[in-house]
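Input: a single structure, listed below in structure tokens.
Positions are given from 1 along the sequence.
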Amino acid sequence: MTLRQLLRHAAGLDAEYGHNLASHLPMALPALARLGATDVRLAAFAAHYAARLRPAPPRERWPAGQAWTSRLGEPRAWPAYRSLFGKWIRHEGAPAVLERVLPTLLRGVGAAAFHGPIRAAYALAARQPHQLDDALAYWACRWFALGSLAADGRERDPAAVLARLSMAKPRRPLIVERMAIAAQHPALGRVASELSVDRDHTLPQLAMLAANLYAGSGNFTVLHLLTSAHALRVLLPWLAEADVVVALGHYWLAYVAGHAASGLAERTTDCAVRRPARPWPEIVSLAIASNDDHVIKVVDSCREQERAYGGAVWREAASRAVADA
């Protein structure tokens, strides 16, 4: 089966499994394909991964005239949101819909531990309209906002800001639960507001910082900061010019909450342990052979980010992923 056929089959499966865990099948398959996996390998991975998934619930009709934002953050609204976005994109096209909805969705960029925007970015990479329907629907039904930033930050270095954040890791099993708890801490918003968010420099800085943190720690939560920064780079060009800095501000706030959720903010000493960087052909080969969806996504994100930004840290982070698998 080809990537297109496998993604069509995946569209018949639920967006989550277990205890509110996001299905990575619609993300890992395009990542594997971009890394160079054969159709045989794609099919084998899909069969392995799909064993944990259940069939998707039937689509539900979206009530005529009801605002698309009316059910944001309702997990049970995914079947209705699938219908809404499917019809909307067919009638107006993806560019018009994305320009309309992304400013609002990005206020809840941390949805499902960043899997909302990550899934949307992979849907765009796969160039399959039904994948974008489902991705936006998932983002919308898992949407939640973490607050807003004061617009008076003067610090230019996000690493320096994070160094001032001292916070115990919230004790909850899911990343998104820990992020929500961290966001309620008075120190988080105060510290996050110290950064001067800039349309040209903030995202590359955050991307490189996440890669450095992951290369040194292998932290599973930081992994999501790394892959979400890749997703933001894919999504921002679909925004109107005036919305970019606002979106980056919301992403930065979620990023700080993710950092707090990782436990790195409670460390008082540098615990970084780097792994030797492997050559890209070896990293890619190991990722393609892996059944670990997170390893596949990290390696794909790192290779794409290296192409965009340059630097050795991406290969170091990708090497960490395959070494720890």
Side-chain angles (χ1 to χ4, degrees), residues 106-107 109-110 114 117 146-169 175 178-179 182-183 185-219 221-237 239 243-274 277 298 301-302 304-318 320:
L106 283 163
R107 289 187 10 244
V109 66
F114 299 103
L146 293 171
S148 58
L149 287 176
D152 57 355
R154 297 177 181 272
E155 177 63 63
R156 297 281 182 177
D157 180 8
V161 175
L162 289 185
R164 298 169 197 148
L165 183 68
S166 179
M167 184 182 297
K169 178 181 176 180
I175 294 171
R178 299 199 299 273
M179 288 173 63
H185 196 290
L188 190 137
R190 184 178 67 251
V191 171
S193 292
E194 296 176 8
L195 185 71
S196 176
V197 177
D198 175 85
R199 64 164 292 110
D200 296 319
H201 302 104
T202 297
L203 185 57
Q205 287 178 310
L206 293 179
M208 297 282 282
L209 176 57
N212 269 300
L213 289 171
Y214 182 74
S217 69
N219 185 283
T221 301
V222 171
L223 177 156
H224 292 78
L225 300 182
L226 191 161
T227 53
S228 67
H230 174 209
L232 260 287
R233 183 173 62 78
V234 173
L235 293 171
L236 286 185
L239 281 174
D243 295 321
V244 172
V245 172
V246 175
L248 285 170
H250 287 294
Y251 177 61
W252 163 240
L253 188 61
Y255 188 105
V256 178
H259 184 265
S262 74
L264 295 186
E266 67 184 355
R267 295 185 179 182
T268 57
T269 58
D270 183 4
C271 300
V273 178
R274 316 290 278 210
V298 167
S301 287
C302 285
E304 293 299 302
Q305 295 287 70
E306 183 186 88
R307 289 169 174 168
Y309 298 132
V313 68
W314 306 107
R315 191 158 58 89
E316 294 175 10
R320 179 74 189 233

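- For the pair Gln205/Trp252, no side-chain contact is recorded, criterion being any heavy-atom separation below 4.5 Å from C-beta on.
- Ser262 and Asn219 make their closest contact through O-ND2, 3.0 Å (heavy atoms, listed as atom of the first residue, atom of the second, distance).
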Inset, instruction - Let me see the working for Leu209 and Leu162 under side-chain contact (heavy atoms from CB on, under 4.5 Å), right down to the final yes or no. - result: CA-CA 10 Å; Leu209 176 57; Leu162 289 185; 3.6 Å; yes

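- In this view, His201 and Asp198 satisfy the side chain to side chain donor-acceptor pair (under 3.5 Å) rule, not counting sequence neighbours.
- Ala183 meets the side chain to side chain contact (heavy atoms under 4.5 Å, CB included) test with Leu146; sequence neighbours excluded.
- Between Arg154 atom CZ and Ser196 atom OG the span is 9.5 Å, to the nearest 0.5 Å.
- Listed by chain and residue number, Arg274, Glu316, Ala317 satisfy the side chain to side chain contact (heavy atoms under 4.5 Å, CB included) test with Ala215 (two or more places apart in sequence, or in another chain).
- Listed here is the closest heavy atom pair of Val197 and Gly249: CG1-N, 4.0 Å.
- Residues satisfying the side chain to side chain contact (heavy atoms under 4.5 Å, CB included) criterion with Ala168, sequence neighbours excluded, are Glu266.
- At distances below 3.5 Å, not a single donor-acceptor pair connects side-chain atoms of Trp314 with backbone N or O atoms of Ala211.
- Here the closest non-hydrogen pair linking Ala247 and Leu236 is CB-CD2, 4.3 Å.
- Shown here for Ala254 and Val109, the closest heavy-atom pair between the two residues is CB-CG1, 3.6 Å.
- At least one donor-acceptor pair closer than 3.5 Å links the side chain of Tyr255 to the backbone N or O of Ala210.
- In this structure Thr221 satisfies the side chain to side chain donor-acceptor pair (under 3.5 Å) test together with Arg178, sequence neighbours excluded.
- Between the CZ atom of Arg320 and the CG atom of Leu226 there is a distance of 12.5 Å, given to the nearest 0.5 Å.
- Residues Ala182 and Ala257 share a closest heavy-atom pair of CB-O, 4.1 Å.
- Considering CG of Leu165 and NE2 of His259, their distance stands at 7.0 Å, rounded to 0.5 Å.
- Sorted by first and then second residue, the side chain to side chain donor-acceptor pair (under 3.5 Å) pairs involving residues 226-235 (not counting sequence neighbours) are Ser228-Tyr251, His230-Ser301, Arg233-Gln305.
- Rounded to the nearest 0.5 Å, atoms CG (Leu206) and CG (Leu195) are 7.0 Å apart.
- With sequence neighbours left out, Ala163 forms a side chain to side chain contact (heavy atoms under 4.5 Å, CB included) with no residue at all.
- Closest non-hydrogen pair, Val191 versus Val161, comes out as O-CG1, 3.2 Å.
- Leu106 places a side-chain heavy atom less than 4.5 Å from the side chain of Leu239.
- Glu306 is linked by a side chain to side chain donor-acceptor pair (under 3.5 Å) to Trp280, counting only residues two or more places apart in sequence or in another chain.
- For Glu304, the salt bridge (charged side-chain N to carboxylate O under 4.0 Å, His left out) partners at least two apart in sequence or on another chain are Arg34, Arg307.
- Note that CG of Asp243 is 11.0 Å distant from CG of Leu248, once rounded to the nearest 0.5 Å.
- Not counting sequence neighbours, the partners of Arg164 by the salt bridge (charged side-chain N to carboxylate O under 4.0 Å, His left out) test are Glu155, Glu194.
- Interatomic distance, OH of Tyr309 versus SG of Cys302, reported as 12.5 Å (0.5 Å rounding).
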